[in-house]
Structures are given as structure tokens and as C-alpha cells.
Student: 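Pasting a structure below so you can have a look.
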2 protein chains.
Amino acid sequence: MSQAAIAQIFKALGDPVRLQIVQRLSNGTALCMGELSKDLGISRQGARKQIQALVSAKVVQLHPAGREVKVQLDAAALQQGRDFITALEAQWDQRLLALKQFTEQ
Amino acid sequence: MSQAAIAQIFKALGDPVRLQIVQRLSNGTALCMGELSKDLGISRQGARKQIQALVSAKVVQLHPAGREVKVQLDAAALQQGRDFITALEAQWDQRLLALKQFTEQ
DNA sequence: CAAACATGCAACCACATGGTTGCATGTTTT
DNA sequence: AAAACATGCAACCATGTGGTTGCATGTTTG
């Protein structure tokens, strides 16, 4: 996984509106854009742009169905983000351990 | 933890340069700004701005020491980010499980 | 004290972002 | 066929972001 792709995922999650969208999608079934736009406090087209950002980062996928478009969470992106943080934490813990061993010598 | 604070953490991680900084900090000891600015391909002041973004999101802490300033990773922020994703994934998995049980009926 | 060093601050610039409005287009429903 | 619906596209605007340069300030070192 490239740094850039990971950064894009975090960037996509780095906005309250988009975070709210992702949260609602993790909750239940895939929603269509209209439903998803509600309760965000912005216009439908505003919401559309945010959804597009999520699509570009591959955090979400679009599935056209008739006159509406379903929006579905892509759990793989979440996992990649989490894995990246986990790897950082592992390095961090390892460093702390080495420090501990050094001081105990 | 507020949505906004979490969003700020992800936003801070949502840039290749800042991601690289965080990675270097997770690796070893706290570095001072000058060292940290090297190998980023941008000017010292450019790097300083990125570090400030990490400070604002509390991903990193500054510790002045004489004429230099040490930059140290704050693992708590990483954990908060990871926990948030984990919670999303838990909801997601639960939904998949419910769907599975439904189809098996 | 003077030179070198590490950093801070402010102004500036180009471009990205988050939002809006207006209108067009394809799809159901009646 | 007409009305209602869900969405798309483009233009526009204010503000934020990522970067630069120049200069000022405090701290070591010689």
C-alpha cells in the first residue's frame, strides 16, 4: 500500500461531514444519495461532493440502480487505515520496550 | 471523544508529508525540528507548518530545550484514531452477521 | 564579544476545498 | 404523455492549505 493511498484514506476521514456519512453507512444497509444527504446540514450537491471524496479515496463505492445510486462502505479501506496505525503503534511500543531494557541494565 | 477531534486527527494524518513525519517519529527518539525537516523535499518553514498541524491535532507534542525544540509523537492520538475505526468495523461486522443469519433462516 | 546555529514570525502566492445556485437529464409513477 | 423524483454537471465564491522568501530573535560555541 502506497503512502499516498493511505494518506488519501485518512484525508477522506478527516472531515466531520464525511465521518458522519461513513458512520451512517457502517450502521445499516447501503443508502442512496438522497437519504444520505439528509441531516448533514448542507445541500444535496454539497453532500454529493463529500461522497465523491470518499469514492476517490475508495472508502465508499457507488452502485447505480435505476434512477437512484446506492452508496456502500468499503471495509477494506477502513482496515488499511487501521493496519497503518497499528504498525506505527508497534514500532512505538518496541521503542519503549528497548528504552525500558536499557534503563534496567 | 468528539467527532471534530477525531476528524482533526485523521485530517492531520491525511497528508503524505505529515504521514512521513509521524512515521519517522514512531521509529526512534524525539527529533528536533531541524532534523525532522530534512528529507521532506520542502523548506524548513514548510515543514514547520506541517508539524504545527500535527500539534494542533495533538498527534505530536513540542518540548523546547535550549535553542532547539524536540518533537515527540503522542501515541494517545493514534489510539483514538484506531479505536474509532475499530468501532466502525465492529458495527460493520455485526451487520454482516445479521445478514447472514437472515439468509440462513 | 562575535560567529554560527535553531527557531519563530509575517507576508505573500497559487491552488484545493467546501459550500452554494441553476439547470439538464434520465427514471418512475399516475 | 405529464408530473414527480433522483441524480448529474458546471459555474461561482469564500476560505483554507501548502508552499515560498525575508528577516528577527534567542542560544551555543569559539
Side-chain angles (χ1 to χ4, degrees), chain A residues 2-25 28-73, chain B residues 2-25 28-73:
Chain A
S2 77
Q3 296 274 104
I6 293 282
Q8 217 184 354
I9 291 173
F10 286 136
K11 188 175 185 177
L13 297 177
D15 176 275
V17 170
R18 290 193 293 264
L19 218 44
Q20 201 177 333
I21 292 174
V22 167
Q23 232 168 3
R24 280 174 61 186
L25 286 175
T29 320
L31 299 169
C32 67
M33 305 217 129
E35 293 168 304
L36 214 43
S37 300
K38 292 171 190 167
D39 301 320
L40 291 179
I42 58 178
S43 68
R44 177 180 63 85
Q45 290 84 342
R48 175 60 235 248
K49 277 198 175 186
Q50 301 297 349
I51 294 170
Q52 184 54 48
L54 292 168
V55 170
S56 298
K58 294 182 184 164
V59 171
V60 129
Q61 286 171 4
L62 301 185
H63 301 285
R67 71 174 158 183
E68 48 186 37
V69 177
K70 295 287 185 183
V71 184
Q72 191 178 30
L73 192 62
Chain B
S2 77
Q3 295 274 103
I6 292 283
Q8 216 183 355
I9 292 173
F10 285 137
K11 188 175 184 178
L13 297 177
D15 177 275
V17 170
R18 291 193 293 264
L19 218 44
Q20 201 177 334
I21 292 173
V22 168
Q23 232 168 3
R24 280 174 62 186
L25 286 175
T29 320
L31 298 169
C32 66
M33 304 217 131
E35 293 169 304
L36 214 43
S37 298
K38 292 171 190 169
D39 301 321
L40 291 178
I42 59 178
S43 68
R44 177 180 63 86
Q45 290 85 343
R48 174 60 233 247
K49 278 198 176 185
Q50 301 298 347
I51 293 171
Q52 185 55 47
L54 291 169
V55 170
S56 300
K58 295 182 183 163
V59 172
V60 130
Q61 285 170 7
L62 300 186
H63 302 287
R67 72 175 159 183
E68 47 185 38
V69 178
K70 295 287 184 183
V71 184
Q72 190 178 31
L73 193 62

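Every chain is numbered from 1 and lettered A, B, ... according to where its sequence line falls, protein lines coming before strand lines.
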Student: Using heavy-atom distances to pick each residue's nearest nucleotide on DNA chain D, tell me which of A:E68 and A:K49 is more 5'.
Tutor: A:E68
Student: B:G66 near the nucleic acid: base, sugar-phosphate alone, or nothing, with a heavy-atom cut-off under 4.0 Å?
Tutor: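 Sugar-phosphate, backbone atoms only, no base.
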Student: Whole angstroms only, please: what is the CG-P distance between B:D15 and D:dG16?
Tutor: 18 Å
Student: Quick one: A:I51 CD1 to C:dG18 P, roughly how many Å, whole number?
Tutor: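 It is 13 Å, rounded to the nearest whole Å.
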Student: Walk me through it: do A:V55 and A:V60 pass the test side-chain contact (heavy atoms from CB on, under 4.5 Å)?
Tutor: CA-CA 5 Å; A:V55 170; A:V60 129; 3.7 Å; yes
Student: Take atom NZ in B:K70; do more than 12 heavy atoms of anything else shown fall under 6.0 Å from it?
Tutor: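 Counting other residues, nucleotides and ligands, NZ of B:K70 exceeds 12 neighbours.
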Student: Could you tell me whether B:G34 contacts a base, only the sugar-phosphate backbone, or nothing, with contacts defined as non-hydrogen atoms closer than 4.0 Å?
Tutor: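 Sugar-phosphate only.
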Student: CG of A:L40 versus P of C:dT20: gap in Å, rounded?
Tutor: 10 Å
Student: Across all strands shown, which nucleotide pairs with C:dG8 by Watson-Crick or G-U wobble geometry, both distances under 3.5 Å?
Tutor: D:dC23
Student: Mind checking B:R48 for me? I need base, sugar-phosphate or nothing, with any heavy atom below 4.0 Å counting as a touch.
Tutor: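 Sugar-phosphate contact only.
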Student: Look only at the side chain of B:E35 and the backbone of B:C32, and say whether a donor-acceptor pair between them is shorter than 3.5 Å.
Tutor: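 Yes, because the side chain of B:E35 sits within donor-acceptor range (under 3.5 Å) of the backbone of B:C32.
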Student: Just how far, in rounded Å, is C1' of D:dA4 from CZ of A:R44?
Tutor: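 Answer to the nearest Å: 14 Å.
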Student: Is the side chain of B:R18 donor-acceptor paired with the backbone N or O of B:K11 at a distance under 3.5 Å, no angle test?
Tutor: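 Answer holds: yes.
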Student: With the side chain of B:I42 defined as its heavy atoms from C-beta on, choose the nearest nucleotide among D:dT7, D:dT20, C:dG19.
Tutor: D:dT20
Student: Is there a side-chain polar atom (N or O) of B:S43 under 4.0 Å from OP1 or OP2 of D:dG19?
Tutor: no
Student: For the pair B:Q50 (side chain) and B:A47 (backbone), establish whether a donor and an acceptor sit closer than 3.5 Å, ignoring hydrogens and angles.
Tutor: no
Student: Pick base, sugar-phosphate or nothing for A:K11, based on heavy-atom distances below 4.0 Å to the nucleic acid.
Tutor: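 If one applies the 4.0 Å heavy-atom cut-off, A:K11 turns out to touch the sugar-phosphate alone, with no base involved.
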Student: May I ask you to say what A:Q45 touches in the nucleic acid, namely base, sugar-phosphate or nothing, with a heavy-atom cut-off under 4.0 Å?
Tutor: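 Base: the residue A:Q45, judged by heavy atoms under 4.0 Å, touches a nucleobase.
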Student: Rounded to the nearest Å, what distance is computed from the CD atom of residue B:Q52 to the P atom of nucleotide D:dG18?
Tutor: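 It is 13 Å, rounded to the nearest whole Å.
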Student: Taking the side chain as everything from C-beta on, heavy atoms only, tell me whether A:L62 gets closer than 4.5 Å to A:M33.
Tutor: yes
Student: Distance check: side-chain N/O of A:Q50 vs OP1/OP2 of C:dT17, anything under 4.0 Å?
Tutor: no
Student: When you get a sec, tell me which of D:dT29, C:dT7, C:dT20 is the closest nucleotide to the side chain of B:R67?
Tutor: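 That would be D:dT29.
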Student: Round to a whole Å and report the spacing from NZ of A:K38 to P of D:dC5.
Tutor: 11 Å
Student: Can you check the A:M33 CE to D:dC5 C1' distance for me, whole Å?
Tutor: 16 Å
Student: Once you round it to whole Å, what is the distance between P of D:dT17 and CG of B:L54?
Tutor: 13 Å
Student: Any N or O donor-acceptor pair under 3.5 Å from the base of D:dG18 to the side chain of B:R18?
Tutor: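 No pair found.
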Student: Could you say whether A:G46 or A:A65 is positioned toward the 5' end of DNA chain C, judged by the nucleotide with the nearest heavy atom to each?
Tutor: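 That would be A:G46.
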